[in-house]
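This one's a predicted model, so the numbers in the text were calculated from it and none came from an experiment. As the structure lists them, so they are numbered: ligands from 1, and atoms in each ligand from 1. We count residues from 1, following the sequence as given.
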Amino acid sequence: MEKKNLDWANLGFGYIQTEKRYVSNYKNGAWDDGAITEDANIVLNECAGVFQYAQTVFEGLKAYTTEDGHIVCFRPDLNASRLADSARRLEMPVFPEDRFIDAIQQVVEANAAYVPPYGSGATLYLRPYMMGTNPVIGVKPADEYQFRVFATPVGPYFKGGAKPITICVSDFDRAAPHGTGHIKAGLNYAMSLHAIMTAHRNGFDENMYLDPATRTKIEETGGANFIFITKDNKLVTPKSDSILPSITRRSIMYVAEHYLGMTVEHREVEFSELKDFAEAGLCGTAAVISPVGKIVNHGEEILIPSGMEEMGPTTKKLYDTLTGIQMGRIEAPEGWIKKIL
Ligand SMILES: *Cc1c(COP(=O)(O)O)cnc(C)c1O
């Protein structure tokens, strides 16, 4: 298979349209067979449920070229089950989890020429999503839905290495108690845009959201979970019902315990503990881990001891081990790597 002639090492994190995507439609209570199509556009009625009441959920995962030249995906079964959880919460029909994996397989195969070569730092980003498609004007779930998966090659998230970022404690909340913070829905992102733009205008890279009920505990950022390393080298990561269960974070917890022999604590994390941590980072599919060097809480600066120059040493070990597993340099736990080609 001939690779596309793209400047892999200089790709950004943006949308590059490829030829093939997967589509399946839900009507009269059933999903159709689904197929690969070349049409990148969706034509919907003006009153479609997705436009009126934001009935849409999504996922994000990547396909990688491994050191030995295979194309693989990382734990797509967890994306399948999380999309099912998201769909149930928005009263949408579940796209069967085995069919989700099959759709990923078909899209990656159809776009194999766009999977960046090993060592380029780039990957093929996959975006599965579903939406309510038929007209809905009274507030109720749609009866018809579309499930899609498209692919877009994305560059290394950090060009020239991961520099620690500065984040601020947001005055906005990302998720309500007993709300939708734990599902991957566009609605959580729509309402975060004002908060992130406000943070950017004030000179910060990202927001730290606190628990909305008491504003004393650390939750997450707009699109990534937190990990912290204590001075005695434990991994601490916040637990709350309104945090999105990041697959990267769950994988890092496993890697910390089983590959690096660390103690892992998944628990509520008080904001007041922040000053005691040795390292801090954000984790998610896009960047894997972004180190955090400084947190600003209404003018009060909390400096993380690992500093503003580079990733802390334990964060780096976690990053190297997890990316090593994803790229096939380090043996993966059973079931983590789905070989596509
Ligand atoms: C997608 C997402 C993450 C990261 O999840 P991964 O499965 O690791 O990509 C974290 N927080 C939010 C709010 C998200 O939407």
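- K20 NZ to E38 CD: the interatomic distance, rounded to the nearest 0.5 Å, is 5.0 Å.
- Taking the ring centroids of F13 and Y125, they lie under the 6.0 Å cut-off.
- Annotation: Y145 is not in aromatic contact with F147 [ring centroid separation under 6.0 Å not met].
- E67 pairs by the side-chain contact (heavy atoms from CB on, under 4.5 Å) definition with Y118, R329, not counting sequence neighbours.
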Output a table of donor-acceptor pairs, distance under 3.5 Å, between side-chain atoms of residues 178-188 and any protein atom two or more places apart or on a different chain; print 'none' if there are none.
residue: T180; atom: OG1; partner: N188; partner atom: OD1; Å: 2.9
residue: N188; atom: ND2; partner: T180; partner atom: O; Å: 2.8
residue: N188; atom: ND2; partner: I183; partner atom: O; Å: 3.0

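- Chaining together hydrophobic side chains whose heavy atoms lie under 4.5 Å apart leaves M308 on its own.
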Ligand 1: which protein N/O atoms lie under 3.5 Å from its N/O atoms?
residue: ligand 1; atom: 7 (O); partner: R82; partner atom: NH1; Å: 2.8
residue: ligand 1; atom: 7 (O); partner: R82; partner atom: NH2; Å: 3.1
residue: ligand 1; atom: 7 (O); partner: I247; partner atom: N; Å: 2.9
residue: ligand 1; atom: 8 (O); partner: S246; partner atom: OG; Å: 2.6
residue: ligand 1; atom: 8 (O); partner: I247; partner atom: N; Å: 3.3
residue: ligand 1; atom: 8 (O); partner: T248; partner atom: N; Å: 3.0
residue: ligand 1; atom: 8 (O); partner: T248; partner atom: OG1; Å: 2.6
residue: ligand 1; atom: 9 (O); partner: T285; partner atom: N; Å: 3.0
residue: ligand 1; atom: 9 (O); partner: T285; partner atom: OG1; Å: 2.5
residue: ligand 1; atom: 11 (N); partner: E220; partner atom: OE1; Å: 2.6
residue: ligand 1; atom: 11 (N); partner: A224; partner atom: N; Å: 3.4
residue: ligand 1; atom: 15 (O); partner: K184; partner atom: NZ; Å: 2.7
residue: ligand 1; atom: 15 (O); partner: Y189; partner atom: OH; Å: 2.4

